[in-house]
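The structure appears below as structure tokens.
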Amino acid sequence: ANNLLVNIHHNEILKNGNTAGDESGGGGGISIYTGARGYRVAYNYIAGNYSTGDGGGMAHVGQSSDHAFNINTTNNADAVSRLITHDNRTDAARNANVTRFVFHSTVSNNQFRFNQSFNQAKSVQGGGLAIIGVVDPVGTGIALGTGHVTVINNTFQGNLAGAGDGGGIALVGVNGSQDVNNGNRANWNRVDILNNLIVDNGAGVAGGGISLQDAANVNIVNNTIAMNDSYATAARAFQGSTSPTQANNCAQNPTPGCLT
């Protein structure tokens, strides 16, 4: 589905929850799925939400990158003016009588406080925010990627990924099958984490503040990241020297070879 230019702003999103994690999905407060290109989540207070899937406060699941289009400035001058001043997603480039607009998927100026992701049966990621790529249905086992996302000027405080990684923010499968054979890194999926306050978050496995898995093209710049904890109390923390994939399989389907 294509849900273009979704704009979620100036809301209190409090004490919501879901049990979608028993099957798939996530996002206790907000869920953004594939096709929401150029979305904006801004100036929200997102607190006290719970998910049995990824992303206690918010989950971006699948591929939702930039949205670009052209407008003839001669016939649509008023529309062009409104779009330019609309919000901080917009880049505008003029060429003769045509303006090309690019709306970037953006999570900005929100407060993520005291959200939680937890599932007793499997490892789920991202207490505050999870940006997750969906596995390619062709069967490669590699994610399709997340698209380009900017996370800027947010506060992440007191969030908990009780059964997994990334107490504040979890990035999983940012780069995937679309990037594997693309030699131009400038065209890879990318997540920018800029100017955020990430404090007092916790994770049951790894990455009390931020966790990255299959996320090769990420910029983490000008953030304050302090007083976060990895508790190492969830099942995956006790899988010996197994790989993350093997440990995750053990967490979801325990066998005699798995530690319990």
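Side-chain atoms are counted along with the backbone in the values below, which use heavy atoms only and exclude waters and symmetry mates. For reference, positions follow the sequence shown, starting with 1. Predicted model, so just to flag it, every value in this text is computed and none were measured.
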Does [X] reach the side chain of [Y], with side-chain heavy atoms less than 4.5 Å apart?
X      : Y      : result
Leu194 : Asn222 : no
Asn189 : Gln63  : yes
Ile169 : Asn154 : no
Asn223 : Ile193 : yes
His148 : His104 : no
Arg113 : Thr155 : yes

In terms of hydrophobic clusters joined by side-chain contacts under 4.5 Å, are [X] and [Y] together?
X      : Y      : answer
Val107 : Ile132 : no
Ile46  : Ile8   : yes
Val174 : Met58  : yes
Ile210 : Val41  : yes
Leu212 : Val191 : yes

What's the separation between atom [atom1] in [X] and atom [atom2] in [Y], rounded to the nearest 0.5 Å?
X      : Y      : atom1 : atom2 : result
Phe156 : Ile225 : CZ    : CD1   : 10.5 Å
Asn44  : Asn11  : CG    : CG    : 5.0 Å
Ser64  : Leu4   : OG    : CG    : 9.5 Å
Arg190 : Asn175 : CZ    : CG    : 10.5 Å
Asn7   : Thr106 : CG    : OG1   : 10.0 Å
Ile198 : Ile220 : CD1   : CD1   : 7.5 Å

Is [X] reaching over with its side chain to a backbone N or O of [Y], donor-acceptor style, under 3.5 angstrom?
X      : Y      : value
Asn18  : Gly27  : yes
Asn159 : Phe112 : yes
Ser105 : Ser65  : yes
Asn115 : Asn49  : yes
Asn201 : Asn228 : no

Residue pair Gly126 / Ser117: nearest heavy atoms and the distance that separates them:
O-OG, 3.3 Å
Return the orientation label for the Tyr39 and His60 ring planes: parallel under 30°, perpendicular over 60°, tilted otherwise.
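Aromatic pair Tyr39/His60 classed tilted.
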Derivation and outcome, side-chain contact (heavy atoms from CB on, under 4.5 Å), residues Asp165 and Val172:
CA-CA 10 Å; Asp165 304 324; Val172 181; over 6 Å; no
Members other than Tyr50 in its cluster, when Ile, Leu, Val, Met, Phe, Trp, Tyr link by side-chain heavy atoms under 4.5 Å?
Phe118
Is the His10-Tyr43 ring centre distance short of 6.0 angstrom?
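When the ring centroids of His10 and Tyr43 are compared, they turn out to be within the sub-6.0 Å range.
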Val61: side-chain contact (heavy atoms from CB on, under 4.5 Å) partners, not counting sequence neighbours:
Tyr33, Ala59, Val134
